[in-house]
> 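One structure, as C-alpha cells, below. Some questions next.
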Amino acid sequence: MKQNRPKILVIDDDPKIKWLLSEGLSNSFDFIAATSGSEGLQMVGIEKPSLILLDIKMPEMSGIEVLKRLGKVDVRPEVIMLSGHDETRYVVESMKNGAAEFIKKPFDLKEVEIHINSVLEKSNLKREVTILKSELRAKSQYDSFVGDSPKIVQVKNLIEQVANSELTVLIRGESGTGKEIIARMIHNVSDRGDESFTKVNCAAIPRDLLEAELFGYEKGAFTGAHKTKPGRFEVANKGTIFLDEIGDMPLELQSKLLQVLEQQEFVRVGGITNIHVDVRIICATNRNLEDAISQKLFRDDLFYRLNEITVFLPPLRDRVEDVPLLVNHFVEKYNKLYERKMAPLSENVLEKLMSVVWPGNVRQLENLIKQVVVRGDESVAIDLLVGQSSSAPVPTDPAAVTGVTGSAPEAITNEPPSFSLKKLVSETVSREEKALISKVLNRTNWNRRKAAEILEISYRSLLYKIKEYGLNEIK
Ligand SMILES: Nc1ncnc2c1ncn2[C@@H]1O[C@H](COP(=O)(O)OP(=O)(O)OP(=O)(O)O)[C@@H](O)[C@H]1O
Ligand SMILES: [Mg+2]
C-alpha cells in the first residue's frame with residue numbers, strides 16, 4: 001500500500017510545517033521537505049512529487065518566484081500555497097501563476113487533507129482526459145495514413161515512438177509519397193496536437209522574401225515594410241512548423257534556422273531584440289541532401305541538427321501490396337466527396353494497378369482513382385494507364401534503396417504523363433527555366449554575374465540553378 005501514497009513536497013523555511021503534516025497525515029501521504037525555494041526546485045526534478053505545498057514568504061526566494069520557475073518544468077506538479085499571509089495580492093499572484101489552491105496558516109489538518117485530495121483528483125482526471133484525447137487523435141490519424149506493408153508499419157511504429165519527443169524530424173521520400181500527411185500526423189499525435197500546425201513551402205516563396213516570411217520584419221526594415229509583421233515562427237509558437245522542401249532553403253537563411261534550432265531564438269528582419277519561441281520543427285524534402293552538402297548548397301551542421309529522426313517514405317513501387325488498400329480508401333473518399341456510388345474495383349483492375357511503376361507515387365494513384373470515381377467506370381483506370389509501362393525498369397538510384405532520391409529534373413522526360421496539374425506546371429516551369437538560363441549563359445559567354453543580372457536573380461541563385469540543372473556539363 002505504502003508505494004501508492006502520493007508524494008508531497010513541502011517547501012517552507014520553517015521545518016516544523018513538514019513535521020506537523022507528517023505527524024497528522026502520514027497515513028495518507030508521503031511527505032518530503034525542502035527549506036528553501038532553490039532546494040525545492042531541485043527536488044522537483046529528482047523526486048517527481050505529485051503535489052507541492054508551498055510557503056510564500058521565504059528569505060532567499062519567495063514562493064511566488066518558485067511558482068513562476070515551476071512553470072518551466074516539463075511535467076509540472078500541482079501546487080497548493082500554504083501561507084500565513086492571505087492578502088488579496090498574494091492570492092491573486094498565486095492563482096495567476098497556476099497555483100491550484102491557497103490555504104492560510106495556521107491550518108487545520110483535516111482541511112489540508114481535503115484540499116490535497118481534491119487537487120490530486122482533478123489533476124488525475126485532467127491527465128486521463130489528455131491521454132484519452134491523444135489516443136483518439138492517434139487512432140484516427142493512423143487510420144488516415146493508409147498502408148499495412150512491412151515498410152509502412154515500420155514508419156508508423158517510428159512515428160508512434162518519436163511523435164511525443166521534441167526531436168526534429170526530417171521526412172524524406174519521392175514526390176507524392178505522403179510526406180505532408182506524415183508531418184501532420186506527427187503533429188496531431190504529439191502533445192502539441194491542439195496547437196497550430198504551420199506549413200511553409202520553402203520552394204514556393206521567392207528566396208528574397210523567405211526570411212521575412214519565416215522570421216517577420218520590423219516597420220521600415222525594407223521598402224514596403226509599412227508595419228511590423230510577425231513571421232511564421234512567431235505564429236507557430238507552442239505548435240509545430242513544417243518546413244516543406246527544406247532542400248530549397250537558401251544558404252544564408254540556413255544559418256539563421258540553425259540558430260533557432262539551437263537557441264529557440266531569432267531576430268526579426270530589421271530588428272534588434274531576440275524573440276523567443278517554443279516551436280517544434282518538422283522538415284521534408286525529396287532532394288538528396290547529401291549531394292546538396294557536397295555541392296556546398298546545404299550546411300552539414302544544419303543537416304545533422306534537422307536529422308535527429310529521419311522518416312523515409314518508400315516509393316509506392318516498393319510496397320505494391322498497399323495499392324489495393326489505397327485504392328479502396330480513395331474510392332470511398334471520392335464516393336463521399338462527389339456523392340457517387342462507385343463499387344470497389346475488380347481484382348483484375350487491382351492487379352493491373354499493382355504492376356504499375358507509379359512515378360508520381362500515391363498522389364498519382366489518388367488522382368487516377370478520383371477520375372475513375374467521377375466517371376463511374378473502372379475501365380477508365382486501364383485507359384488512363386495506357387502508355388504507362390507496367391514493367392518499366394525503375395531508375396536505379398543507389399539512394400532509392402533507403403527511400404532517398406534526388407530529383408534530377410532531366411529524368412522527368414522519362415516519366416509517363418502525369419495527371420497532376422501541379423506537377424505538370426512545375427515540370428514545365430523547370431524546363432522553360434533551364435532553357436532560358438542556358439540561353440542567357442551562352443549569350444554572355446558564361447559570364448555568370450552578367451547572366452544573373454539579365455535574369456534578375458541573385459548570383460547565388462544562378463550558381464544553384466546551374467548546378468541543379470547540370471548546366472556546367474553542357475558548357
Ligand atoms: N498512405 C497514404 N494514405 C492516404 N493518402 C495518402 C497516403 N500517402 C499519400 N496520400 C495522398 O497522396 C497525396 C500526396 O501526399 P503528400 O502531399 O503528403 O505527398 P508529398 O510526399 O508531400 O509530395 P511532394 O514531395 O510532391 O510535396 C495527398 O493527397 C495525400 O493525401
Ligand atoms: Mg509535400
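All figures in this text were calculated on a predicted structure; none of them were measured in a lab. We use all heavy atoms of the structure for the numbers below, so side chains are in, but hydrogens, waters and symmetry mates are not. In each ligand, atom 1 is the first atom listed, and ligand 1 is the first ligand listed.
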> Determine whether a donor-acceptor pair (N or O, by modelled atom type, separation under 3.5 Å) exists between the side chain of Arg340 and the backbone of Val374.
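Present.
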> Surrounding CZ of Arg443 (heavy atoms of other residues, nucleotides or ligands, distance under 6.0 Å), is the total greater than 12?
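Check fails, neighbour count at 12 or below.
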> Test your reading of the model: is there a side-chain donor-acceptor pair from Lys352 to the backbone of Ile382, 3.5 Å cut-off?
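Absent.
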> Which heavy atom of Tyr464 sits nearest to which heavy atom of Asp248, and what is that distance?
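Looking at all heavy atoms of both residues, the closest pair is OH-CA, 4.0 Å.
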> Would you mind finding which of Lys179, Arg363, Gln364 brings a heavy atom closest to atom 21 (O) of ligand 1?
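Nearest heavy atom to atom 21 (O) of ligand 1 lies in Lys179.
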> Is there a polar contact, in the sense of an N or O pair closer than 3.5 Å, between Ile181 and ligand 1?
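Yes.
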> Is the terminal nitrogen or CZ of Arg287 (NZ for Lys, CZ for Arg) located under 6.0 angstrom from the six-membered ring centre of Phe298 and within 45° of that ring's axis?
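No, a cation-pi geometry is absent between Arg287 and Phe298.
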> Evaluate Glu366 for polar contact with ligand 1, using N/O atom pairs at a separation under 3.5 Å.
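So ligand 1 has an N or O lying under 3.5 Å from an N or O of Glu366.
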> Please state which part of Ile182 comes within less than 4.0 Å of ligand 1, counting heavy atoms only: side chain, backbone, both or neither.
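No part of Ile182 comes within reach of ligand 1.
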> When you compare ligand 1 with Leu326, is there at least one nitrogen or oxygen pair between them that comes in under 3.5 angstrom?
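Checking ligand 1 against Leu326, no N or O pair falls under 3.5 Å apart.
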> Would you mind listing which atoms of ligand 1 come within a distance below 4.0 Å of any non-hydrogen atom of Val146?
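Within the 4.0 Å cut-off of Val146, ligand 1 contributes 1 (N), 2 (C), 3 (N), 4 (C).
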> So is there a nitrogen or oxygen of His329 less than 3.5 Å from a nitrogen or oxygen in ligand 1?
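No, since none of the N or O atoms of His329 sits under 3.5 Å from an N or O of ligand 1.
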> Which of these, Leu313, Asn367, Val362, has its nearest heavy atom closest to atom 10 (N) of ligand 1?
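Among Leu313, Asn367, Val362, the closest heavy atom to atom 10 (N) of ligand 1 belongs to Val362.
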> Examine the proximity of ligand 1 to Ala284 and report which part, side chain or backbone, both or neither, has a heavy atom under 4.0 Å away.
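None of Ala284 does.
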> Any idea which of Phe242, Phe145, Phe330 brings a heavy atom closest to atom 5 (N) of ligand 1?
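Looking at heavy atoms only, Phe330 sits closest to atom 5 (N) of ligand 1.
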> So Tyr334 and Phe330, would you call those rings parallel, tilted or perpendicular, with 30° and 60° as cut-offs?
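Plane angle between 30° and 60°, so tilted.
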> Which option wins on minimum heavy-atom distance to atom 15 (O) of ligand 1: Gly178, Gly147, Ala203?
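Closest candidate by heavy-atom distance is Gly178.
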> Keeping Arg69 on the side-chain end and Leu41 on the backbone end, is there a donor-acceptor pair under 3.5 Å?
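Looks like no, no N/O pair under 3.5 Å.
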> Look only at interatomic distance and state if Ser175 has a nitrogen or oxygen under 3.5 Å from any nitrogen or oxygen of ligand 1.
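Min N/O separation from ligand 1 is below 3.5 Å for Ser175.
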> For side-chain hydrogen bond (donor to acceptor under 3.5 Å, both in side chains), just list the numbers for Ser346 and Asn348, CA-CA rounded to whole Å, side-chain angles, deciding distance to a tenth of an Å, and then say yes or no.
CA-CA 5 Å; Ser346 66; Asn348 180 27; 5.1 Å; no
> We want to know whether Ser175 and Asn286 form a side-chain donor-acceptor pair, criterion being a heavy-atom distance below 3.5 angstrom.
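No donor-acceptor contact under 3.5 Å links the two side chains.
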> Taking 4.0 Å as the limit for heavy-atom contacts, which would you say applies to Asn286 with ligand 1: side chain only, backbone only, both, or neither?
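Looking at Asn286 and ligand 1, just side chain atoms fall under 4.0 Å.
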> With heavy-atom distances below 4.0 Å as the criterion, list the atoms of ligand 1 near Ser144.
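With Ser144 as reference, the close atoms of ligand 1 come out as 3 (N), 4 (C).
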